[in-house]
Structures are given as C-alpha cells and as structure tokens.
Student: 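Mind having a look at this structure? Questions to follow.
Throughout, a chain's letter reflects where its sequence line sits, starting with A, and its residues are numbered from 1.
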There are 2 protein chains.
Amino acid sequence: MHPDIPQPRLPSGKENDLRVRILLVAIERFATHGYGATSIRSIVEAVGCTKPALYYHFGSKADLFVEVHRAVQSKVRKAFVAMPQNAAPLAERLERFVSSLLEATVEDPSPARLLLTAIHRPEQGQPPLDLEAFHAHNLARLAAVLQQAQAAGEVREDLAAEVLAEILLGMVHHRALELLRGKPLAHDVSKQIIDVFIHGART
Amino acid sequence: MHPDIPQPRLPSGKENDLRVRILLVAIERFATHGYGATSIRSIVEAVGCTKPALYYHFGSKADLFVEVHRAVQSKVRKAFVAMPQNAAPLAERLERFVSSLLEATVEDPSPARLLLTAIHRPEQGQPPLDLEAFHAHNLARLAAVLQQAQAAGEVREDLAAEVLAEILLGMVHHRALELLRGKPLAHDVSKQIIDVFIHGART
DNA sequence: TTGAAGATACTTACCGCTCGGTAGGGAGGC
DNA sequence: GCCTCCCTACCGAGCGGTAAGTATCTTCAA
C-alpha cells in the first residue's frame, strides 16, 4: 500500500535485504582474499551491520563460506549445461563455450576466483566443499561434446574424450588465471585457444 | 683449517645448521598452507627451536618467506635453462621439458606448490616477490625454442611463439595443479600433452 | 479495538585464543 | 670483555564467536 515507505523490517518485502547484502559482500571478499584472510569484521564493516547480525543469518564463518559457494556454483554450472545444446560446428561450439566463460570472468571475476582457488588451493580450516563432484560434472559435459565429435570423425580417437577434455579445460583454466592476474583478453583469444586445441602447433 | 671439527657455532662449519633446518621446514609449510596460514610457532615447533632463534636468523616472517622463494626459484629456473641446450627433435625436447617439470614435482611438490600459489593466489600481507619477472623469463625460454622451430618450418607462424608458449605452459601448469591435487601421473602424460599441443585434437 | 505474548531482527559489550614480534638474559667460544 | 646464538616470558592486536538486551512486527484472546 505504501511502497516507498522505508519499510524497516521483515523478509517478505525485499527478500531478506540484509542477508542478501551480506552474501554479496562475502562472495567478493572470500574471492579476493580467500577463506582465512577474510575476517567477519571486514565483511560486516563493508555491509554496514554488526557481527551478531551476520551470525543471525549465517550460523558461522564456515556456513557463510559454504553458502557463498553454493550461490556461485549454481551460477557457473549454467555455462557448462548450456554448451551441449548448441548445435553449431565443433569449433564454434567450443569457441563460444570458452568465450562465455572468459567474458563472464571479465564482467565479474569473483566466481572464477572463488572456484579456481577452492579447487587448486583449498585452505586448512575451511569447510569441505566437494568440488571434486562439481569439477567432474563440468568435465563430463565437455567430454560428452568431444565424444560426439569423435563419433562424427572430427576428433582423434586414440585419446579418450576425457583426456582431451582435461587438456582443453586446462588451457581455459590457465587463461582464466592469467586474466585474474590482470592480463587482458585479446579479442580473438577464444579462437586462438580452440584453433590450437583442434589443429595443434604444427605447420 | 680444521674442517671436520664439530664447530658448534658460526656459519662456516656446516653452513649454519639451524638456519638451514628452519628454511627447509619453512619451504614445506609455506608451500602446504600458504603465507597467512603458516604460523611462526608451527615452524619452530617442527624444527625444535624457539621463536627468537628463528627471528635471529630471519628478521621477520616476511623476510623468511622471501628467503624461501629465493631458494626455490633458483632451483626451478634450472629446468627452464637446461631445456634449450637439448638438441633433439622438437617433440622430444618439449616432452623432456614437460616430463622433467612434472617428475620433479612428484619427487618434491613444494617448489611447484609455492610458485604456482604465489603466481595465481598471492595473499594480501605477503611480501612482494616479482614473480612476473620469473614467469616472463621462463616463458621467454620456452618461446625461444618454439621460435626456432618456426624458423625451421616445424611450427605454424600465424601465431606468435609467445602465444604458443603461453598455451603450452598453461597445459603444463594445469597438469601440475592436478598432480598437486592428488591425480597421479600416467606414464605417457608428457607425450600426450605434447602430442595434442603439436598435432591438435583433430583426426 | 486493544493489548499482552511471542517471534523476528537486530544491538552493545564482552570472551578466550592465537598471532607476529620482542625485552632481557644467559651460555659458550674468541 | 665481547660477540654469537639462543632461551624464557611476555606484549598488544586481531580473530571467531556469544551473552544479554532491545526495538519492531505479528498474532490472537479479551
């Protein structure tokens, strides 16, 4: 009835305002500084609330971290799921896939930072996350596309599709890591990566 | 003059026994847990000395960390320097290079862990290390080999040698990261990587 | 229509612990 | 007597987490 009144309390109105704000700040902080080096104090200071407010919505630092990962994983998973539905030629499918991952990282580096760190550099004391399953799922998606290309005679069959998928994902991960370090993307970087992956470095 | 006398003090005799022991433990700890999560207390406990003993030999935690990196970088640099002197065919040179890096990592994962972490996940609060220069130097070594192969007509020239070197190094870094996560090396993994790098995934 | 009960969503103020680092002293060789 | 090398004992700061109180909204009996 009075839509522009401050509406000081309650979830219903704007979907748990403070909880969402904490989560967004936490994503950025955990992504930038890691688990151990991110203090609850720094989060609540950035949000503009107090510690018990945070502990009211998230039971502990570990719980908050798990929640952060849950939010980010579901977002990234979509890029991997969307790929196989594309019906274009192999090179173009792979190129779009790589491009979508890299450009999403340019727009918002936090998910990539969070996931790559959690996979390659889990910290002691941080809660377990089962990224193995997440990683395996994404790898399987990519491998399925390559296997399909193997069946069509476009891709060599002496190496398993999983091995090839692992190699390609390695190229992408590495380029993403370089991007996170600050190296800007050339406009045709996805094309370059896929071209080398498919045709190799030979003449 | 008295080379085999115990000589309980002073650097000369056994090269500063305690200092070396601290350094070795610190390499392993910093590599395993990172800078922030490694406490001086845990190091001296593992070594079997006290904090002031450590602070006597290394002025601060940051200084110790820099010293650790200095020791490790000079070790790894050798693998990159040794490669170009090899006069075998391209595929074999690259394969040996990859193989030497990966197998050194199996023997002692600390250097790889330390360097890859410092490059991809520097922590706030940790001292600056100028890994940019280290990374650029290693990349240039690899690029030089590829440029030589380009001149010999073995490698495509539409992509710069640096771009190809970056891609290959990405494949190696990624495989090393997987190794550090626990995925064991297949006996022919270096061959697979180089084969895909040179010939691509196509049929 | 009201007003007490209760749930919700926070606040201020504190706790115990671990951290990097140090003051000051002592043992032993030159 | 001095220098090297290392010890015991301590410091202030920052950490994750909490006890206890408070303002606001919801519910429902009188």
Student: Specify the separation, in whole Å, of atom CD of Gln124(A) and atom P of dC19(C).
Tutor: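 Roughly 10 Å, once rounded to whole Å.
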Student: So Ser42(A), base contact, sugar-phosphate only, or nothing? Heavy-atom distance under 4.0 Å.
Tutor: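 Ser42(A): no heavy atom of the nucleic acid under 4.0 Å.
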Student: Salt-bridge test for Arg113(B) and Asp108(B): reply yes if a basic N is under 4.0 Å from a carboxylate O, no otherwise.
Tutor: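 Result for this pair is no, no salt bridge flagged.
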Student: Looking at Tyr35(A), I'd like to know if the NZ or CZ of Lys61(A) sits under 6.0 Å from its six-membered ring centre while staying within 45 degrees of the ring's axis.
Tutor: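 Because its charged atom sits under 6.0 Å from the ring centre and within 45° of the axis, Lys61(A) does stack over Tyr35(A).
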Student: Look at the side-chain N and O atoms of Ser39(A) and state whether any lies under 4.0 Å from the OP1 or OP2 oxygen of dC15(D).
Tutor: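 For dC15(D), OP1/OP2 do have a side-chain N/O of Ser39(A) under 4.0 Å.
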Student: Of the non-hydrogen atoms in Leu114(A) and Phe30(A), which two are nearest, and what is the gap between them?
Tutor: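 That would be CD1-C, 3.7 Å.
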Student: Counting the atoms with a prime plus P, OP1 and OP2 as sugar-phosphate, which does Ala53(B) contact under 4.0 Å by heavy atoms, base, sugar-phosphate, or nothing?
Tutor: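 Counting heavy atoms under 4.0 Å across all strands, the contact made by Ala53(B) is with sugar-phosphate only.
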Student: For Ile43(A) and dC15(D), what is the distance between atoms CD1 and P respectively, to the nearest whole Å?
Tutor: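 Checked: the CD1 to P distance equals 11 Å.
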Student: Return the orientation label for the His173(B) and His135(B) ring planes: parallel under 30°, perpendicular over 60°, tilted otherwise.
Tutor: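 Rings of His173(B) and His135(B): tilted, as their planes differ by 30° to 60°.
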Student: How long is the line joining CZ of Arg29(A) and P of dC15(D), in whole Å?
Tutor: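 Rounded to whole Å, this separation is 12 Å.
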Student: In whole Å, what is the span from the CZ atom of Phe58(B) to the P atom of dC5(D)?
Tutor: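 Atom CZ in Phe58(B) sits about 13 Å away from atom P in dC5(D).
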Student: Between dC10(C) and His57(A), is there an OP1 or OP2 to side-chain N/O distance shorter than 4.0 Å?
Tutor: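 For His57(A), the contact criterion (side-chain N or O under 4.0 Å from OP1 or OP2 of dC10(C)) is met.
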Student: Could you tell me whether the side chain of Arg41(A) has a donor or acceptor atom within less than 3.5 Å of a complementary atom in the base of dG14(D)?
Tutor: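 Checked by distance alone, the answer is no.
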Student: Tell me the interatomic distance from Arg19(A), atom CZ, to dT8(C), atom P, rounded to whole angstroms.
Tutor: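 Taking atom P of dT8(C) as the reference, CZ of Arg19(A) is at 15 Å.
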Student: For the pair made of CG in Asp17(A) and C1' in dC10(C), what is the distance, rounded to whole Å?
Tutor: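 It is 13 Å, rounded to the nearest whole Å.
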Student: Looking at dC7(D), I'd like to know if its phosphate oxygens (OP1 or OP2) sit under 4.0 Å from a side-chain N or O belonging to Thr50(B).
Tutor: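 For dC7(D), OP1/OP2 do have a side-chain N/O of Thr50(B) under 4.0 Å.
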Student: What pair of heavy atoms forms the shortest contact from Leu18(A) to Val47(A), and how long is it?
Tutor: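 Looks like CD1-CG1, 3.6 Å.
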Student: Looking only at the side chain of Tyr56(A) (C-beta and beyond, no hydrogens), which of the listed nucleotides dT8(C), dT8(D), dC6(D) gets closest?
Tutor: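 Taking heavy atoms from C-beta onward, the closest nucleotide is dT8(C).
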Student: Report the distance from atom CD of Glu45(A) to atom P of dT12(C), rounded to the nearest whole Å.
Tutor: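 Value for this atom pair: 14 Å.
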Student: How close or far is atom C1' of dA9(D) from atom OH of Tyr55(B), stated in whole angstroms?
Tutor: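 After rounding, the reported distance stands at 16 Å.
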Student: Can you tell which of dG20(C), dC10(C), dT22(C) lies closest to the side chain of Leu18(A)?
Tutor: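 Looking only at side-chain atoms, Leu18(A) lies closest to dC10(C).
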